[in-house]
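A short write-up of the structure that comes next.
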Amino acid sequence: MGSNSSRIGDLPKNEYLKKLSGTESVSENDPFWNQLLSFSFPAPTSSTELKLLEEATISVCRSLVENNPRTGNLGALIKVFLSRTKELKLSAECQNHIFIWQTHNALFIICCLLKVFICEMSEEELQLHFTYEEKSPGSYSSDSEDLLEELLCCLMQLITDIPLLDITYEISVEAVSTMVVFLSCQLFHKEVLRQSISHKYLMRGRCLPYTSKLVKTLLYNFIRQEKPPPPGTHVLPQQSDGGGLLYGLASGVATGLWTVFTLGGVGSKVAAASELSSPLANQSLLLLLVLANLTDAADAPNPYRQAIMSFKNTQDSSPFPSSIPHAFQINFNSLYMALCEQQTSDQATLLLYTLLHQNSNIRTYMLARTDMENLVLPILEILYHVEERNSHHVYMALIILLILTEDDGFNRSIHEVMLKNITWYSERVLTEISLGSLLILVVIRTIQYNMTRTRDKYLHTNCLAALANMSAQFRSLHQYAAQRIVSLFSLLSKKHNKVLEQATQSLRGSLSSSDVPLPDYAQDLNVIEEVIRMMLEIINSCLTNSLHHNPNLVYALLYKRDLFEQFRTHPSFQDIMQNIDLVITFFSSRLLQAGAELSVERVLEIIKQGVVALPKDRLKMQVFHGKEDHCAATYKTPGSMTKTFCHLHEPCPHT
């Protein structure tokens with residue numbers, strides 16, 4: 001590298017890199033470091049260029065792996081960086097561009113080396129490389145300071161204490177990215193790590209006191225969405241809008257880590273990512289999520305998760321209980337607005353889920369907001385464009401709806417919020433509709449998409465659980481929402497009849513050929529009947545608890561009354577059909593009395609009058625038939641409401 005601009009193709013022959021990775025020890029006071037760190041580097045702008053960088057530098061890195069036990073040059077480089085960071089805050093205040101630039105370059109090299117070291121060796125070997133010094137071959141000092149711990153503490157201090165200015169933006173991004181790379185050790189282990197070096201250094205010792213300050217800073221970085229400085233504001237060569245080279249490297253590592261932590265490494269469809277406007281905000285969010293999802297140590301809980309679970313609003317003046325460690329305060333309004341604006345990214349949706357699920361202060365605050373549509377609409381849009389999203393983004397959006405619909409106040413209030421001209425909903429022009437009716441439409445559409453494409457049983461269950469949570473509070477359902485509820489039931493009914501017919505034909509065929517194995521139609525039939533029952537329970541709950549508020553649903557039931565005929569005597573549905581049959585019979589009778597050729601308006605008027613005349617005690621209260629699964633566990637509660645609790649990261653307590 002050195003004082004001239006470097007190209008990727010020149011790196012293997014670079015004399016400074018050769019000396020760093022060679023057999024000659026370089027003292028930390030050697031002028032060589034000023035020469036090495038005075039480089040400019042054109043940032044790769046594609047994954048192909050990033051791969052070329054790794055291929056070009058792998059020989060240099062492997063040479064350092066081989067020679068470092070004798071030279072201790074990795075330790076010397078880190079000590080040079082650490083000594084410079086002690087003056088970094090003063091350099092920022094004095095606008096010392098050159099000093100900050102060289103410090104940034106030192107961290108850049110450290111992070112690139114660290115990434116290769118983590119890929120190439122075990123954690124034990126990695127720790128040894130931080131202890132080698134310029135002594136006899138393979139020797140190291142056991143009583144010297146732990147360089148790795150000192151480096152991590154320094155990175156935490158850099159992230160939390162260095163003021164964010166144009167000249168410090170790049171090094172702040174690199175500091176966050178280096179911590180992401182350090183945490184990538186989990187990527188190279190199939191089993192969940194509980195005794196890793198991240199547990200050793202980040203959950204105890206000198207790093208522990210920085211926990212709350214680090215989490216708070218990362219959250220504020222996400223909230224502020226600070227953009228990179230414009231060209232010409234710093235000595236550092238201008239990088240692409242996506243951030244520095246290291247940003248690209250660490251972003252890939254962090255995205256992989258996020259997948260491993262949340263979904264056990266399950267791959268998903270890669271969506272076309274839009275250009276990131278704030279590399280610091282994005283990297284801070286990724287680091288925050290990785291820290292929050294670290295497993296508890298054998299002898300201590302994850303302090304970063306504790307901090308996320310317990311922080312409070314800046315307007316909350318009540319004291320923190322002494323039993324809550326790592327507590328801090330943050331502006332909830334700013335956080336809420338940032339979450340509403342950033343839901344196009346799956347990592348922002350994961351943060352929203354994490355906060356709603358684990359921080360009761362945040363959950364209470366959000367449910368009390370009078371502008372919940374700002375949060376719910378982006379979540380609904382994720383579900384609406386299900387074919388364009390990866391599976392875990394869709395699941396997180398759905399689980400967020402499940403958490404929200406646990407609250408009766410939320411279920412009531414969403415029917416009071418009126419929306420106009422929802423442009424992204426293309427099936428039908430919705431000039432005016434309540435947020436509650438729109439939520440029902442989107443969830444039903446997700447179910448129908450799942451039935452024809454992915455056929456994921458758990459997605460079905462979670463969608464229906466959200467509708468079940470809401471059903472007792474359905475209010476003034478939009479005509480189209482009521483139609484879609486009945487249309488979904490019609491689709492399920494046809495599917496039930498088709499499978500039943502196939503099972504009958506298969507059974508007849510088996511009588512003539514006993515050697516042919518029978519398809520398991522009984523299992524398919526059982527699954528369909530479970531879903532049908534959930535739909536009937538949802539309709540029944542609405543009729544029992546809020547019949548007088550939903551004339552459009554009664555109209556839709558009457559219009560498709562023949563659909564329900566076959567289920568009146570079915571042994572699996574007789575109990576749940578009683579109320580639905582009663583409503584259909586009662587209102588059908590009143591319509592017959594009113595005569596033929598009735599207009600839609602006249603039918604709705606008769607329904608509204610009939611609601612008043614129907615004695616409420618004739619409708620029997622039913623309790624939902626709960627069905628447990630790995631994502632959502634439903635259970636029976638008084639008042640026939642189904643409460644749903646979600647467990648994406650922890651084992652379900654009901655299984």
Side-chain angles (χ1 to χ4, degrees), residues 78 107-108 110-127 129-130 146-160 172-208 210-211 213-215 217-219 221-222 246-265 279-298 300-308 326 347 350-351 354 649:
I78 292 172
L107 182 55
F108 172 87
I110 290 169
C111 190
C112 289
L113 292 172
L114 182 61
K115 184 174 185 290
V116 175
F117 273 52
I118 288 174
C119 293
E120 296 280 318
M121 64 186 66
S122 67
E123 288 190 325
E124 291 75 16
E125 292 175 296
L126 176 65
Q127 287 180 279
H129 273 277
F130 279 82
D146 193 325
L147 260 189
L148 184 51
E149 183 177 34
E150 191 172 351
L151 174 62
L152 289 171
C153 285
C154 177
L155 292 174
M156 286 185 167
Q157 290 174 337
L158 199 159
I159 294 168
T160 58
S172 296
V173 174
E174 307 297 8
V176 175
S177 299
T178 304
M179 289 201 66
V180 172
V181 170
F182 170 73
L183 287 162
S184 67
C185 292
Q186 176 67 74
L187 290 175
F188 305 97
H189 294 80
K190 292 182 179 179
E191 71 282 357
V192 176
L193 296 177
R194 298 184 186 277
Q195 296 287 349
S196 67
I197 54 176
S198 58
H199 290 85
K200 176 181 178 181
Y201 293 114
L202 295 180
M203 295 193 183
R204 55 176 66 88
R206 294 168 57 191
C207 292
L208 189 61
Y210 293 99
T211 297
K213 196 172 183 180
L214 177 63
V215 171
T217 301
L218 295 175
L219 278 172
N221 286 346
F222 167 72
L246 198 54
Y247 165 73
L249 289 172
S251 181
V253 171
T255 303
L257 269 176
W258 172 77
T259 303
V260 169
F261 278 122
T262 58
L263 293 169
L280 180 60
N282 187 69
Q283 290 299 93
S284 296
L285 175 54
L286 292 172
L287 176 57
L288 180 65
L289 292 171
V290 173
L291 288 170
N293 285 284
L294 287 174
T295 55
D296 293 336
N302 179 348
Y304 304 94
R305 187 182 301 130
Q306 286 184 317
I308 287 173
H326 317 297
Q347 55 264 38
L350 178 58
L351 176 63
T354 302
H649 301 301

| message | When you compare the side chains of Asn293 and Tyr304, does any donor N or O come within less than 3.5 Å of an acceptor on the partner? | response | no
| request: Kindly say whether Ser284 contributes a backbone atom to a donor-acceptor pair with the side chain of Asn221 at under 3.5 angstrom? | output: no
| message | If I take atom CG from residue Leu202 and atom OG1 from residue Thr211, how far apart are they, to the nearest 0.5 angstrom? | response | 8.5 Å
| request: Determine the minimum heavy-atom distance between Ala292 and Ile308, stating which atoms define it. | output: CB-CD1, 3.3 Å
| remark: One should read off an interatomic distance between Thr354 OG1 and Arg305 CZ, to the nearest 0.5 angstrom, of 9.5 Å
| message | For Arg206 versus Cys153, what's the shortest heavy-atom pair and its separation? | response | CB-SG, 3.5 Å
| said: Using every non-hydrogen atom in the two residues, find where Asp146 and Lys200 come nearest and quote the distance to one decimal. | reply: OD2-NZ, 4.4 Å
| said: Is there a side-chain contact between Ile197 and Cys185 in this structure, where contact means two heavy atoms from C-beta onward sitting under 4.5 Å apart? | reply: yes
| query | Could you give the distance from CE (Met203) to CG (Leu291), rounded to the nearest 0.5 Å? | reply | 8.5 Å
| request: May I have the step-by-step check of side chain to side chain contact (heavy atoms under 4.5 Å, CB included) for Leu148 and Ile78, ending in yes or no? | output: CA-CA 9 Å; Leu148 184 51; Ile78 292 172; over 6 Å; no
| field | Test item: Met121 and His129 side chains (from C-beta on) under 4.5 Å apart, heavy atoms | value | yes
| request: Please confirm whether the backbone N or O of Asn282 pairs with a side-chain atom of Gln347, one donor and one acceptor, at under 3.5 Å? | output: no
| field | Intermediate values then yes/no, side chain to side chain contact (heavy atoms under 4.5 Å, CB included), Met156 and Cys207 | value | CA-CA 8 Å; Met156 286 185 167; Cys207 292; 3.9 Å; yes
| query | Nearest 0.5 Å, what's the CG-CD distance between Leu107 and Glu174? | reply | 6.5 Å
| query | Which atom names give the shortest non-hydrogen contact between Leu151 and Phe130, and what distance separates them? | reply | CD2-CE2, 4.1 Å
| Leu126/Leu114 under side chain to side chain contact (heavy atoms under 4.5 Å, CB included): CA gap, chis, key distance, verdict | CA-CA 9 Å; Leu126 176 65; Leu114 182 61; 4.1 Å; yes
| query | Under the side chain to side chain contact (heavy atoms under 4.5 Å, CB included) criterion, do Ile159 and Leu214 qualify, and how do the steps go? | reply | CA-CA 7 Å; Ile159 294 168; Leu214 177 63; 3.9 Å; yes
| task | Show your working on side chain to side chain donor-acceptor pair (under 3.5 Å) between Tyr201 and Glu150 and close with a plain yes or no. | result | CA-CA 9 Å; Tyr201 293 114; Glu150 191 172 351; over 6 Å; no
| Between atom NZ of Lys115 and atom OG of Ser177, what is the distance when rounded to the nearest 0.5 Å? | 12.0 Å
| field | Value rounded to 0.5 Å, distance of CZ in Phe222 from CG in Leu351 | value | 5.5 Å
| query | Between Glu125 and Ser122, do the side chains contain an N or O donor and an N or O acceptor separated by less than 3.5 Å? | reply | yes
| query | Would a 4.5 Å heavy-atom cut-off, applied to side chains only, mark Leu287 and Leu183 as touching? | reply | yes
| message | Side chains of Asn302 and Thr295, heavy atoms from C-beta outward: is any pair under 4.5 Å? | response | no
| field | Smallest separation among heavy atoms of Cys111 and Val181, with atom names | value | SG-CG2, 3.6 Å
